[in-house]
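Side chains are part of it too, since the values below use all heavy atoms of this structure and drop only hydrogens, waters and symmetry mates. Keep in mind the model is a prediction, meaning the values are calculated, not measured.
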Amino acid sequence: YQKMEKMRMINYLKCRYDEYSSKKLAFKMDDIINRLLKSGHYEKEFLLDVIEDLSQRKWSKPKIVAYLDILDVEDRT
């Protein structure tokens, strides 16, 4: 159930991020990555590997940003 809920949230956020310009989306991704790094739970190399892996799986950039955003939300709650 939790995995389905996470994918539903990712898809919801992806729809929002689809509306962003590529520049705004890049800023959003950097902001989320920086928050995740500040939490101390993630290393930059790990996050870059995740982004690369999702890209190779043909995930769009808005969907990748949505996934990172969910990680950030989970980390803060």
Evaluate side-chain contact (heavy atoms from CB on, under 4.5 Å) for Glu52 paired with Gln56, printing each intermediate quantity in order. CA-CA 6 Å; Glu52 179 64 27; Gln56 289 179 355; 3.0 Å; yes
Could you go through the side-chain contact (heavy atoms from CB on, under 4.5 Å) check for Asp69 and Lys28 one step at a time? CA-CA 9 Å; Asp69 205 358; Lys28 184 68 175 175; 4.3 Å; yes
Heavy-atom pair of closest approach, residues Lys44 and Leu37: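 Shortest heavy-atom contact: N-CD2, 3.3 Å.
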Distance check, rounded to the nearest 0.5 Å: [X] atom [atom1] versus [Y] atom [atom2]?
| X | Y | atom1 | atom2 | value |
| --- | --- | --- | --- | --- |
| Phe27 | Ile32 | CZ | CD1 | 14.0 Å |
| Tyr42 | Ile33 | OH | CD1 | 12.5 Å |
| Arg8 | Leu13 | CZ | CG | 10.0 Å |
| Arg57 | Lys63 | CZ | NZ | 10.5 Å |
| Met9 | Tyr67 | CE | OH | 14.5 Å |
| Glu19 | Lys14 | CD | NZ | 9.5 Å |

Set of side chain to side chain donor-acceptor pair (under 3.5 Å) partners for Asn11, sequence neighbours left out: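 Per chain and number, Asn11 pairs via side chain to side chain donor-acceptor pair (under 3.5 Å) with no residue.
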Against the six-membered ring of Tyr20, is Lys24 placed for a cation-pi contact (under 6.0 Å from the centre, within 45° of the normal)?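 Yes, cation above the ring, under 6.0 Å and within 45°.
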State whether the side chain of Asp72 and the backbone N or O of Leu68 hold a donor-acceptor pair below 3.5 Å, judged by distance alone.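 Not a single qualifying donor-acceptor pair exists.
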Beyond-backbone contact of Ile51 with Met29, side-chain heavy atoms, under 4.5 angstrom: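 In short, these two side chains touch, coming nearer than 4.5 Å.
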Look at atom OH of Tyr17 and say whether more than 12 heavy atoms of other residues, nucleotides or ligands are closer to it than 6.0 Å.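 Enclosed.
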